[in-house]
Amino acid sequence: MGYGRLDDTLRWYAIHTHHRQEDRAETNLMAWKIETFHPKLRVQRHHRYTGNLIRLTKSLFPQYIFARFHADRLFTKIRLTRGVHSVVNFGGDPVPIDDQIVALLQTQVREDGFVRIGEKLRSGDKVIIEDGPLKNLVAIFEREIEGTDRVMVLLSAISYQGRAVVERDTVKKVTSVERH
């Protein structure tokens with residue numbers, strides 16, 4: 001096993017956690033004053049039995065978080081931290097992650113602490129509502145509603161025009177191929 005040339009600079013590393021223990025590993029590493037980054041998603045699902053819409057928080061990378069530390073001083077301590085399975089390594093030596101990769105991921109985190117995945121919508125974009133009571137209706141994206149996961153869309157019909165507020169992840173931008 002390696003451990004021969006551990007990096008003495010402050011670098012980011014991927015931490016492999018035990019199953020569903022990302023939060024535990026992160027909390028324990030933070031207790032050691034180690035900077036961590038655990039990107040999370042907010043997802044919506046329909047409850048299997050009731051059909052009700054429920055919101056869940058999930059890790060962007062299940063069983064992985066990022067930690068920034070001096071490997072030469074803290075590698076063994078981190079490997080033995082509760083919730084941590086291992087530090088991603090090659091030949092026994094931890095493999096650092098480029099700061100720019102972590103910085104790019106961090107730019108995708110919104111004010112609410114969750115990562116936004118998917119296309120950026122601009123006012124005037126044509127969207128299709130993919131779920132809920134307005135499913136399959138085509139609308140015009142108007143704006144995001146600050147501090148929520150909801151958006152304002154403009155609905156048009158032959159003799160009706162009105163606005164509706166829907167969950168952000170229920171709308172998808174209509175591409176020229178998908179004309180409805």
Side-chain angles (χ1 to χ4, degrees), residues 1-49 52-122 130-131 141 143-151 166-173:
M1 241 193 199
Y3 313 139
R5 302 177 327 257
L6 295 180
D7 200 339
D8 64 348
T9 57
L10 189 61
R11 309 277 309 255
W12 284 102
Y13 296 91
I15 307 298
H16 182 205
T17 68
H18 290 288
H19 185 64
R20 293 189 178 179
Q21 292 196 20
E22 299 92 346
D23 290 333
R24 180 182 196 183
E26 182 180 34
T27 299
N28 289 330
L29 290 171
M30 288 172 26
W32 295 116
K33 306 283 190 243
I34 293 169
E35 182 180 358
T36 62
F37 176 54
H38 178 198
K40 297 178 183 178
L41 298 170
R42 179 175 284 158
V43 295
Q44 294 186 157
R45 300 272 190 261
H46 288 282
H47 190 275
R48 179 187 315 186
Y49 302 111
N52 293 338
L53 202 57
I54 55 173
R55 289 185 181 193
L56 304 169
T57 298
K58 294 186 138 196
S59 290
L60 180 60
F61 304 109
Q63 288 189 256
Y64 290 90
I65 63 172
F66 300 98
R68 193 168 185 230
F69 59 93
H70 292 93
D72 63 330
R73 290 181 244 157
L74 297 171
F75 180 59
T76 300
K77 187 175 194 175
I78 288 171
R79 284 185 325 117
L80 299 174
T81 300
R82 286 186 183 267
V84 171
H85 179 273
S86 60
V87 177
V88 174
N89 66 83
F90 182 75
D93 292 327
V95 179
I97 296 174
D98 192 310
D99 286 351
Q100 292 176 342
I101 293 171
V102 176
L104 176 65
L105 289 169
Q106 289 173 325
T107 65
Q108 301 304 308
V109 177
R110 302 177 307 200
E111 303 78 38
D112 64 1
F114 293 98
V115 174
R116 167 70 47 92
I117 301 267
E119 63 218 338
K120 177 80 172 149
L121 294 174
R122 290 188 273 259
E130 296 185 314
D131 199 13
F141 176 78
R143 65 184 171 87
E144 293 190 23
I145 298 177
E146 199 171 318
T148 71
D149 286 333
R150 304 184 114 202
V151 295
V166 297
E167 297 295 329
R168 166 61 176 93
D169 59 357
T170 65
V171 299
K172 177 182 167 193
K173 188 173 180 178

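As the structure is a computational prediction, the values presented were derived from the model and not from experiment. We count residues from 1, following the sequence as given.
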* To do: Apply salt bridge (charged side-chain N to carboxylate O under 4.0 Å, His left out) to Glu167 and Arg55, showing your working.
  => CA-CA 11 Å; Glu167 297 295 329; Arg55 289 185 181 193; 2.7 Å; yes
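Using a distance-only test at 3.5 Å, with no hydrogens or angles considered, a donor-acceptor pair links the side chain of Asn89 to the main chain of Val87. Remark: side-chain polar atoms of Gln63 are paired, donor with acceptor, to backbone N or O of Thr17 under 3.5 angstrom. No donor-acceptor pair under 3.5 Å is formed between the side chain of Asp8 and the backbone N or O of Asp72.
Rounding to the nearest 0.5 angstrom, the gap separating the NE2 atom in His18 from the NE2 atom in His16 is 8.5 Å. Between the CD atom in Gln21 and the OG1 atom in Thr27 there is a gap of 11.0 Å [rounded to 0.5 Å]. Between the CZ atom of Arg11 and the CG atom of Asp99 there is a distance of 7.0 Å, given to the nearest 0.5 Å. Atom-to-atom distance recorded for Asn28:CG and Asp23:CG is 11.0 Å, nearest 0.5 angstrom. Distance check: Tyr13 OH to Ile97 CD1 gives 9.5 Å after rounding to the nearest 0.5 Å. Taken to the nearest 0.5 Å, the CG atom of Leu105 stands 7.5 Å off from the OG1 atom of Thr107.
Side-chain atoms of Glu35 and Trp12, non-hydrogen and from C-beta on, do get closer than 4.5 Å to each other. Counting heavy atoms from C-beta outward, Arg79 and Thr76 have side chains that approach closer than 4.5 Å. Proximity of Phe66 to Phe61: side-chain heavy atoms (C-beta onward) are separated by under 4.5 Å at one or more points. Side-chain contact between Ile34 and Thr81 is absent, with no heavy atoms from C-beta onward closer than 4.5 Å. Leu121 places a side-chain heavy atom less than 4.5 Å from the side chain of Arg168. Considering only heavy atoms from C-beta on, Trp32 stays 4.5 Å or farther from Phe69 through its side chain. Considering only heavy atoms from C-beta on, Ile15 stays 4.5 Å or farther from His38 through its side chain.
Closest heavy-atom contact between Leu41 and Val115: CD2-O, 3.6 Å. Of all non-hydrogen atoms in Glu22 and Tyr64, the two that sit nearest each other are CG-N, 4.2 Å.
When the shell of 6.0 Å around CZ of Arg110 is examined, it contains more than 12 heavy atoms from other residues, nucleotides or ligands.
With Arg68 as the fixed residue, the side-chain contact (heavy atoms from CB on, under 4.5 Å) test singles out one of Leu10, Leu29, Thr36: Leu10.
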